[in-house]
> 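Below: one structure in structure tokens.
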Protein chains: 2
Amino acid sequence: MPGTLSVIPGNYSGLPVIFTEAMEKQKTIKDIAQALGISTSTVSRALRDAWDVKAETKKAVKALAEKFNYEPNRLAISLLKRQTHTIGVIIPNLDYVLATMVKGIDEVALEAGYTVMVCQSDESYGREIVNTNRLLDSLVDGFIFSVSSETKVYEHIKKIQAKKKPLVQFDRVVNAIKTPIVRLDNIEGGYQATKHLIEQGYKKIAILAGPENLNISNKRMEGFEKALREHDIKLNKHFSIHCDFNQQYAYEATRELLNTRNRPDAIFTISDRMAIGAMLAIKEKKLNMPMDIGLVGFNNEPVTNLVTPSISSVEMFAFEIGKAAAKRFLEVLHSEEDLSDQEIVIKPKMVVRESSRRIPLKDIS
Amino acid sequence: MPGTLSVIPGNYSGLPVIFTEAMEKQKTIKDIAQALGISTSTVSRALRDAWDVKAETKKAVKALAEKFNYEPNRLAISLLKRQTHTIGVIIPNLDYVLATMVKGIDEVALEAGYTVMVCQSDESYGREIVNTNRLLDSLVDGFIFSVSSETKVYEHIKKIQAKKKPLVQFDRVVNAIKTPIVRLDNIEGGYQATKHLIEQGYKKIAILAGPENLNISNKRMEGFEKALREHDIKLNKHFSIHCDFNQQYAYEATRELLNTRNRPDAIFTISDRMAIGAMLAIKEKKLNMPMDIGLVGFNNEPVTNLVTPSISSVEMFAFEIGKAAAKRFLEVLHSEEDLSDQEIVIKPKMVVRESSRRIPLKDIS
DNA sequence: TTTAATTCCGATAACCTTGCCGGGAACGTT
DNA sequence: AACGTTCCCGGCAAGGTTATCGGAATTAAA
């Protein structure tokens, strides 16, 4: 009763609660049916404009639904239909690149009427498992996945497949699991960066890569090696360094690298954050960039354009990758076809800045 | 039947499908009950270790549940209990600060057994409404909210309250809605930044603020004015500039500002991204920082420490704010108390860097 | 021997919605 | 008059789980 003083069960505050219109319990089709003296089935059909219900009845039902502020209970429908219109997104963190990708996913999902549950594993294998299980029994309709750098065992991902949930991998993918994939052409990215350095006259090029089980890192390294081979530069194994995927480690690794007798004259890092770390070490050594040493990062984050000197980097179109991943997910969800052997591969683009431009632009033409 | 060749309905691929153990449909308590010749009620109680079921029966039930790989259907439970263990998080974007806050929210939520649905409105009022409604009928248990800069009408937020869903505002809050709040002490932040500039000898200080309806912007401005008043510096209204919350606009505004006859000798921007924009304009004018002009940003994003000169900024402890918001949300959810007039206010901390340090450190002591 | 307490379990309703089936009424066709 | 159609609606089951109630069987107390 609107405006009536009353005490609701579960209210232990001791205070009486005033029921107002807005506070009343959510109405259901049952309420509408009761008020109109018809059955719930008819109400349900009327609301969905079924052909077999009189126009007059429809009007009455819809009017009352409006008045009651009726909204269907999605949980009940989800339970019945066995789908929740929810996509689980598992990502290792929320740095610039991933956040941009999530933005892309979000955009497409929203458009298609899906809601996204984002869980970040914080690069931790354990949390990735917890998150996966949590989403799995929250009954998401499927997953868009990017593995953490710590993950080496994939049982939790196989579990998704065992439950026949659609699954798309993006960005940091693992090939041991057969799924549709949306990713950058990382070999090409590494190749472009390295080739650029060679063309600028650098001869002793080092690479700062990530953990050894990280696919994207290995692929970029592959491109790096390919470029060296093509230009007949011998691979120096001391110049291939694996370190953790962050600024601090890159800084330390670079410091060490610059202290060796035969130090490199250029460094390619597989992320911009690592490039920043390298830059700090280079500045500390008072080396001139790009003359004494060249530097190329990866991701083309805005920060690369703000530091001095600005850092060359490889644009990876994160937003596009996110959108493509979501689109591919929806395709998997709605089509009967098996897309699990298909990859969507985005081409990267080298962006040259001060940190690696020895030859002025005018001298090239 | 495991291993049996069969055709499942809805399989239009033309190929027969091999049923394996892993692919079988999810078992329910009904299946367990049937297999054991007991009722579902007993299975349900046994699984939850109720006192009124024989130890022997419990053991049998649990063993079979294990073997069947049983997992309760959360949807059914949610429908029954009217709670989903899901928190809706509405944010205007996923930049560094918000992403860090989301990380904090995520951390606490995960710990407490809640899953987070993050929706970014992209600073758009319309999308904020869509997202709110979407989450509202996805039946999240409540909301942790940060309004977009475009939002001036709050009906969609009131709708949350009308449905009696717990609601906590954080960071970008609006006072027109009475809810528990977790936020930075923005007045104090603006005050600290401005006071610091004054102490460094700057006399003509301008502020680059955000849109006029943005609470955090206005509060930081209030602190700015308070510091000026305290030091008997007259407010120059040409030095208080509202512009959009991004780098480009800040750049343009600063350019204009520096071209006036009586240009300021210091600029306080209410975000680091705006500080970057200002810095670019300053560099373009070939003015020396900090000698000709001082600059202080807000948020203390990592980039402030990477550019040259490094930019002073106000640390806002985003991760802590996120954690506090989630904790407060859980309190609201679980306690009967009305916390809607309570604010949790985090103190900011001024971080001095090159862009505003005219007086060397040694000269102070 | 009757009464009371204890131990264990099943039936039923409830949460909310949809889909299938069937059935009554009105109409038209042979 | 008998049959087939069309139109409109209600009943029931299903989706998976839990809470409440009551009842049967066993043991303990009077």
Side-chain angles (χ1 to χ4, degrees), chain A residues 9-10 24-62 64-65 68-86 136-141 163-164, chain B residues 9-10 24-62 64-65 68-86 136-141 163-164:
Chain A
E24 259 165 36
K25 231 176 65 186
Q26 185 61 250
K27 299 282 187 183
T28 71
I29 49 170
K30 209 168 160 185
D31 296 314
I32 300 179
Q34 223 154 31
L36 253 43
I38 57 177
S39 78
T40 57
S41 332
T42 306
V43 175
S44 171
R45 272 171 306 189
L47 288 172
R48 279 170 303 130
D49 262 332
W51 59 270
D52 60 348
V53 40
K54 224 193 314 185
E56 195 184 334
T57 317
K58 274 186 198 172
K59 227 175 76 183
V61 169
K62 284 179 181 173
L64 197 59
F68 276 1
N69 228 311
Y70 169 77
E71 275 176 28
N73 185 322
R74 297 245 178 252
L75 277 180
I77 299 175
S78 293
L79 178 59
L80 194 61
K81 299 267 190 74
R82 285 193 201 73
Q83 51 166 320
T84 54
H85 275 247
T86 302
L136 212 40
D137 66 30
S138 289
L139 298 170
V140 295
D141 286 345
K163 295 208 173 191
K164 309 283 289 170
Chain B
E24 258 163 39
K25 233 176 66 187
Q26 185 62 250
K27 299 282 187 183
T28 71
I29 50 169
K30 210 168 159 186
D31 296 315
I32 299 178
Q34 223 153 34
L36 253 44
I38 57 180
S39 77
T40 57
S41 333
T42 307
V43 175
S44 171
R45 272 172 305 195
L47 287 173
R48 279 170 303 131
D49 262 330
W51 58 271
D52 60 347
V53 40
K54 221 192 316 183
E56 196 183 336
T57 316
K58 274 187 199 171
K59 226 176 75 182
V61 168
K62 284 180 182 173
L64 198 59
F68 275 1
N69 229 311
Y70 168 76
E71 274 175 30
N73 185 322
R74 297 248 177 248
L75 234 37
I77 299 175
S78 294
L79 178 61
L80 193 61
K81 299 267 189 74
R82 285 192 203 72
Q83 50 166 321
T84 54
H85 276 247
T86 301
L136 211 42
D137 66 29
S138 288
L139 298 170
V140 296
D141 286 346
K163 295 210 173 191
K164 308 284 288 170

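Every chain is numbered from 1 and lettered A, B, ... according to where its sequence line falls, protein lines coming before strand lines. These numbers come from a predicted model, not from an experiment.
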> Compare the minimum distances between each of D:dT17, D:dG11, D:dA19 and the side chain of A:Ser39, then state the nucleotide with the smallest one.
D:dG11
> Given C:dC9, D:dG10, D:dT18, which nucleotide is nearest the side-chain atoms of B:Arg48?
D:dT18
> Counting only side-chain heavy atoms from C-beta out, which of D:dT18, D:dC8, C:dT18 sits nearest to B:Ile29?
D:dT18
> D:dG10 phosphate, OP1 or OP2: any side-chain N/O from A:Thr42 under 4.0 angstrom?
yes
> Roughly how many Å is it from CG in B:Asn73 to P in D:dA14, rounded to a whole number?
17 Å
> Please determine whether a side-chain nitrogen or oxygen atom of A:Tyr70 lies at a distance below 4.0 Å from atom OP1 or OP2 of C:dT17.
yes
> With heavy atoms under 4.0 Å as the rule, sort A:Leu75 into base, sugar-phosphate or nothing.
nothing
> Which nucleotide in the list D:dT18, C:dT18, D:dG10 gets nearest to the side chain of A:Ile77?
C:dT18
> Could you work out which one of D:dC9, C:dG19, C:dG10 sits closest to the side chain of A:Ser41?
C:dG19
> Should A:Leu64 and A:Val43 be marked as a side-chain contact (heavy atoms from CB on, under 4.5 Å) after you check the CA-CA gap, both sets of side-chain angles, and the distance that decides it?
CA-CA 10 Å; A:Leu64 197 59; A:Val43 175; over 6 Å; no
> C:dC8, OP1 or OP2 - any side-chain N/O from B:Thr57 closer than 4.0 Å?
no
> What do the steps show when you test B:Arg74 against A:Leu75 for side-chain contact (heavy atoms from CB on, under 4.5 Å), and what is the final call?
CA-CA 10 Å; B:Arg74 297 248 177 248; A:Leu75 277 180; over 6 Å; no
> Given C:dC9, C:dT18, C:dC15, identify the nucleotide with an atom nearest to the side chain of B:Leu80.
C:dC15
> For B:Ile32 and C:dG10, what is the distance between atoms CD1 and P respectively, to the nearest whole Å?
14 Å
> Testing the basics here: between B:Tyr70 and B:Lys27, what is the closest heavy-atom pair and its distance to 0.1 Å?
CD1-O, 3.4 Å
> Can you check the A:Leu79 CG to C:dC16 P distance for me, whole Å?
12 Å
> For A:Ser78, which contact category applies under a 4.0 Å heavy-atom criterion: base, sugar-phosphate, or nothing?
nothing
> Under the side-chain contact (heavy atoms from CB on, under 4.5 Å) rule, what do A:Arg82 and B:Gln26 come out as? Steps first, then yes or no, please.
CA-CA 12 Å; A:Arg82 285 193 201 73; B:Gln26 185 62 250; over 6 Å; no
> For B:Trp51 and C:dC8, give me the distance from atom CH2 to atom P, rounded to whole Å.
9 Å
> Specify the residue among B:Arg74 and B:Arg45 whose closest nucleotide of DNA chain D lies further upstream toward the 5′ end.
B:Arg74
> Can you measure B:Gln26 atom CD to D:dA14 atom P for me and round it to whole angstrom units?
19 Å
> Choosing from C:dG10, D:dC8, D:dT17, which nucleotide comes nearest the side chain of A:Asp52?
D:dC8
> I want to confirm an ordering. Mapping B:Gly37 and B:Ala76 to their closest nucleotides on DNA chain C, which one lands closer to the 5' end?
B:Gly37
> Under the side-chain contact (heavy atoms from CB on, under 4.5 Å) rule, what do B:Asn73 and B:Thr28 come out as? Steps first, then yes or no, please.
CA-CA 8 Å; B:Asn73 185 322; B:Thr28 71; over 6 Å; no
> Rounded to whole angstrom units, what separation is found between the CG atom of A:Asp49 and the P atom of D:dC9?
13 Å
> Could you state the CZ-C1' distance from A:Arg82 to C:dT17, rounded to the nearest angstrom?
14 Å
> Just the rounded figure in Å: distance from C1' of D:dG15 to NZ of B:Lys25.
9 Å
> Check every atom of D:dG10, C:dT18, D:dT18 against the side chain of A:Lys81 and return the nucleotide holding the closest atom.
C:dT18
> Rounded to the nearest 0.5 Å, how far does CG of B:Leu36 lie from CD1 of B:Ile29?
12.5 Å
